[in-house]
2 protein chains.
Amino acid sequence: MKNKKERLQLILSLVNKNSIGSQHELAQLLKENGCDVTQATLSRDLKSMKITKVATNDGGYMYIIPDNNRLQDSMLMSGRQSMTAHQQVGFISINISGNIAVIKTRNGYAAGLAYDIDMSHSNEVLGTIAGADTVFAIMREDISHDEALKFFARFIPIDDAHL
Amino acid sequence: MKNKKERLQLILSLVNKNSIGSQHELAQLLKENGCDVTQATLSRDLKSMKITKVATNDGGYMYIIPDNNRLQDSMLMSGRQSMTAHQQVGFISINISGNIAVIKTRNGYAAGLAYDIDMSHSNEVLGTIAGADTVFAIMREDISHDEALKFFARFIPIDDAHL
DNA sequence: AACCGAAACGAATAATTTTGCACATACATT
DNA sequence: AATGTATGTGCAAAATTATTCGTTTCGGTT
């Protein structure tokens, strides 16, 4: 089982990509990703991250990360504290298509992350563009997906869900 | 007892002004305002208005009306409603190159269209970024151009010129 | 290493929310 | 008026979520 920080990160990513209707369902998804916890823990996790269940247009419910959710920086930082701040707060998910990496962040965090990537002056990345919650990073053509993920691990916590 | 429309209105205002932690609590507030309904009805009301319970900073919960939620739409529209407004106004053209869809809109409409695409949480699209009159949307690698166009037809009026 | 306090967790339970069903009401059609 | 359809509601069961309590784990300290 993973530690709490990894789990919270994984939850963010899963909630963002999937339409999860209950904590039980989330527990199963987590299990598939090698994280075995009970519903009770998820209730606490979701509460701590202010993730909430809302009605969907098709009559059901799903968990979402509310837009304006300014979580305090202290939230995810229980343990070690050595990397860039994105490790703790902003990052949600990363996906790669062709030579473009698409990084999802919490609302408002994309610009800062893009800035950090730019400032690394790495030749793996040709350039970035950031919206409010998305960063596009254009990779050099000969960089493989795996290499790209390895590279971005310098900025964001990449886990099994992405590999 | 008031009719449903009045009640929904009252719920909106109560939820806005108070920190309501449960449906039972809301039921009591409503009663004080001359509206006597059961908790079951409130569950349905809140669902219909997409009002949701979120964690508060002080360890409890409260109901809120999420930010981006344009509930008037679903609430008051009795008749059939056409799709998103882009169908009528903003859209100009769409072109696809590799895994990127480039959508041109009239000036100012790109952000809204990108937002709608994002909010669909479709896994066909990894992410979008919008300028004033252009949306870039990165597609998953295995999505063909045809599939992509079919997908975007949900948001914009795609005609023979594009197929 | 042994100890202490805090944080994390699961099992069980409590609390809350959601929903199936039955019934009532309103409104349109025959 | 009788019928049909759609909407609204309460009741009670079912489903889901939150919390209590006891135990374990993790860091830091002696």
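Lettering of chains follows the sequences in order, A, B, ..., and the numbering in each one begins at 1.
- The distance between atom CG of Asp45(A) and atom P of dT19(D), rounded to the nearest whole Å, is 14 Å.
- Gln23(B) has its CD atom 16 Å from the P atom of dC11(D), to the nearest Å.
- Ile138(B) CD1 to Thr134(A) OG1: the interatomic distance, rounded to the nearest 0.5 Å, is 10.0 Å.
- Each of dA8(C), dG10(C), dG8(D) was ranked by its minimum atom distance to the side chain of Lys4(A); first place goes to dA8(C).
- The phosphate of dG10(D) (OP1 or OP2) has a side-chain N or O of Thr41(B) nearer than 4.0 angstrom.
- In this structure, Thr38(B) and Gly59(B) both approach DNA chain D, and ranking their closest nucleotides by distance from the 5' end singles out Thr38(B).
- Grouping the Ile, Leu, Val, Met, Phe, Trp and Tyr side chains by contacts below 4.5 angstrom, directly or via other members, places Val102(A) apart from Ile65(A).
- Here dT17(D) presents its P atom at 11 Å from OH of Tyr61(B), a figure rounded to the nearest Å.
- Side-chain atoms of Gln23(A) do not come within 3.5 Å of backbone N or O of Leu42(A) as any donor-acceptor pair.
- Here Ser43(A) lies in heavy-atom contact (under 4.0 Å) with a base.
- The interatomic distance linking His24(A) (NE2) with dA11(C) (P) rounds to 14 Å, in whole Å.
- Residues Tyr61(A) and Met49(A) fall into different hydrophobic clusters, defined by Ile, Leu, Val, Met, Phe, Trp and Tyr side chains chained together at heavy-atom separations under 4.5 Å.
- As a whole-Å value, the separation of Leu8(A) CG from dA8(C) C1' is 11 Å.
- Considering only side-chain N and O atoms, Arg7(A) lies nowhere under 4.0 angstrom from the phosphate OP1 or OP2 of dA8(C).
- Residue Arg44(A) places a side-chain atom within donor-acceptor reach of the base of dG10(C), judged by atom type and a 3.5 Å distance cut-off alone.
- Distance Gln28(B) CD to dT16(C) C1': 14 Å, rounded to the nearest Å.
- The nearest whole Å value for the distance from the CG atom in Leu42(B) to the C1' atom in dT18(C) is 12 Å.
- The side chain of Lys53(B) contributes an N or O atom lying less than 4.0 Å from OP1 or OP2 of dT17(C).
- Rounding to whole angstrom units, NZ of residue Lys47(A) and C1' of dT16(D) are separated by 16 Å.
- Here the nucleotide nearest the side chain of Gln39(B), chosen from dT17(D), dT9(D), dT17(C), is dT17(C).
- With values rounded to the nearest 0.5 angstrom, Ser43(A) atom OG is found 11.0 Å from Leu26(A) atom CG.
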